[in-house]
Asks: 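Handing you a structure now.
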Protein chains: 2
Amino acid sequence: MSHPPRHIGRLLFPGLTQLDLTGPAEVFGRLPGARLHLICKTLDPVTADRGLRILPDTTFQDCPRLDVICIPGGPGQIELMDDTPTLDFIRRIAEHCQLITSVCTGSLVLDAAGLLDGYQATCHWSSIDQLALPGAIPVARRVVRDRNRISGAGVTSGIDFALSVVAELAGDDTAQAIHLQMEYDPQPPYACGSPHSAAPALLARVREQSAGFIERRRQATLRAAQHLSPVSHPKP
Amino acid sequence: MSHPPRHIGRLLFPGLTQLDLTGPAEVFGRLPGARLHLICKTLDPVTADRGLRILPDTTFQDCPRLDVICIPGGPGQIELMDDTPTLDFIRRIAEHCQLITSVCTGSLVLDAAGLLDGYQATCHWSSIDQLALPGAIPVARRVVRDRNRISGAGVTSGIDFALSVVAELAGDDTAQAIHLQMEYDPQPPYACGSPHSAAPALLARVREQSAGFIERRRQATLRAAQHLSPVSHPKP
């Protein structure tokens, strides 16, 4: 049985959270007909936030037309929020995509590129409120779809997200086969994976540990919102 | 607050299933004091079964003493089952490890190295029966611990597995903080992630697709069992 080729691109950048990329990659790689493209400014190795070194497949310049673009998140996302070559690339490649997608704080990058203005989207729980600054409509769910935008929440949500994307592209039968191949029968050892289920003391501790970092992200999101505002809301 | 350094090594090899490695890496990388080592025969880039290219950090020769060794699985595991340099390295490095661990079919490699003889262990559902051939005791659970051996089942189980390992190394508080940071609140789109929950037709289809491959793995496991037998059961 032949399968239609599906060109699925994922942005690779220094300081990304690698599971935002590698969770969906495991799902997408099992889609019959999938052609995966890992896209970066150059072909040099990229180091993730906790040290994993990954090689890109292609560059902004050489990337073919895609069916799906996916932007992962992670601390390095902050640098992308006003990185013109990256935002220009995302806008250009997204133009012909069937689905424009993100995992974790990758949605903030899509938002900075002006691609979520007026769209519902999700993000890592620590930063979801920031989506509203450039123009998205934050919705605190694990996977959020609005027209042809699909976003996943924090880090591990990328697996749930990618199974939804595969279901959209190829149907439930294909997504279910991948689900079983990947033995996706999660049994978390604790019930503390979201701010709603975590004990208040744990939530406060994790929030406190990352407060400085989240504020730095907020400043970048505010700058991105200011860059966008003349475009989104032209002055008379 | 200073944290004791924890040297956590993971084997990297061509044709591994990258999520077996990258799921646990995301958890281990968040352990305060963690020193991660990605170990391969050489420092050349390694290509995973679905094309992701990853750079090793160190070699069999240069790898420091480890607190934890983890062997991921994937199709490339078949080649390791009678690869003497790899099995020798694993036996040597495991000697001083506090925990000897695996994800997915990585347990078959530990088994081929003689390190699971008489130990309970788990594996990807498609191949768990093969664990008995070299000498392990298969137990079909998501995460299995027997003395200082900890194994995870197929692919996505690596996240549950690694949270258990972190709890063992650093306690529940640390593991819970990582759990929340990673927004590990899984919401699988289907209930078909194990052979017990999947519909019989789906299970039959996935089994049929991989039958030739699983048989090739079985032949490698049988060869490994034969190599071990003079050691494990010396003739009088």
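In this text the structure is predicted, and so the values were computed from the model without any measurement. Every chain is numbered from 1, with letters handed out A, B, ... down the list of sequences.
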Asks: Show the nearest heavy-atom pair for residues B:V155 and A:M182, with the distance to one decimal.
Replies: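 Smallest heavy-atom distance, with atoms named: CB-O, 3.6 Å.
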Asks: Among A:H196, A:R142, A:Q181, which has the most heavy-atom pairs under 4.5 Å with chain B?
Replies: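 The answer is A:R142.
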Asks: Using a cut-off of under 4.5 Å on heavy-atom pairs, state which of B:H124, B:R30, B:Q209 scores highest against chain A.
Replies: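 Among B:H124, B:R30, B:Q209, the one with the most close pairs to chain A is B:R30.
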Asks: By a 4.5 Å heavy-atom criterion (distance strictly below it), what part of B:D20 contacts chain A: side chain, backbone, both, or neither?
Replies: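 Neither part, no heavy atoms under 4.5 Å.
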Asks: Between chain A and each of B:P189, B:S126, B:P195, count heavy-atom pairs under 4.5 Å; write down the option with the most.
Replies: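 Ranked by contacts with chain A, first place is B:P189.
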Asks: For the interface with chain B, which of A:L21, A:L38, A:D173 has the highest count of heavy-atom pairs at distances below 4.5 Å?
Replies: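 Among the listed options, the one with the most contacts to chain B is A:D173.
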Asks: Any idea which of B:T17, B:I178, B:D49, B:V143 has the most non-hydrogen atom pairs under 4.5 angstrom with chain A?
Replies: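 Ranked by heavy-atom pairs under 4.5 Å with chain A, first place is B:T17.
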Asks: Between B:L36, B:L52, B:D172, which residue shows the highest count of heavy-atom pairs closer than 4.5 Å to chain A?
Replies: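 Most heavy-atom pairs within the cutoff with chain A belong to B:D172.
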Asks: Do any of residues 59-76 of chain B come closer than 4.5 Å to chain A, heavy atom to heavy atom, and if so which ones, in number order?
Replies: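 Not one residue of residues 59-76 of chain B has a heavy atom under 4.5 Å from chain A.
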Asks: For each of A:D57, A:V206, A:L55, A:I159, tally heavy-atom pairs with chain B at distances under 4.5 Å, and name the one with the top tally.
Replies: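 Top count of heavy-atom pairs under 4.5 Å with chain B: A:L55.
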Asks: Side chain of A:E183, backbone of B:G193: donor and acceptor closer than 3.5 Å?
Replies: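 Here the side-chain-to-backbone pair does not exist.
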Asks: So which of B:I54, B:T156, B:L163 has the biggest tally of heavy-atom pairs under 4.5 Å with chain A?
Replies: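 If we count pairs closer than 4.5 Å to chain A, B:T156 comes out on top.
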Asks: For A:L180, is there any backbone N or O sitting under 3.5 Å from a side-chain donor or acceptor partner on B:W125?
Replies: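 Flag set: sc B:W125 to bb A:L180 pair under 3.5 Å.
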Asks: Among B:P186, B:G29, B:S210, which residue has the highest count of heavy-atom pairs closer than 4.5 Å to chain A?
Replies: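 It is B:P186.
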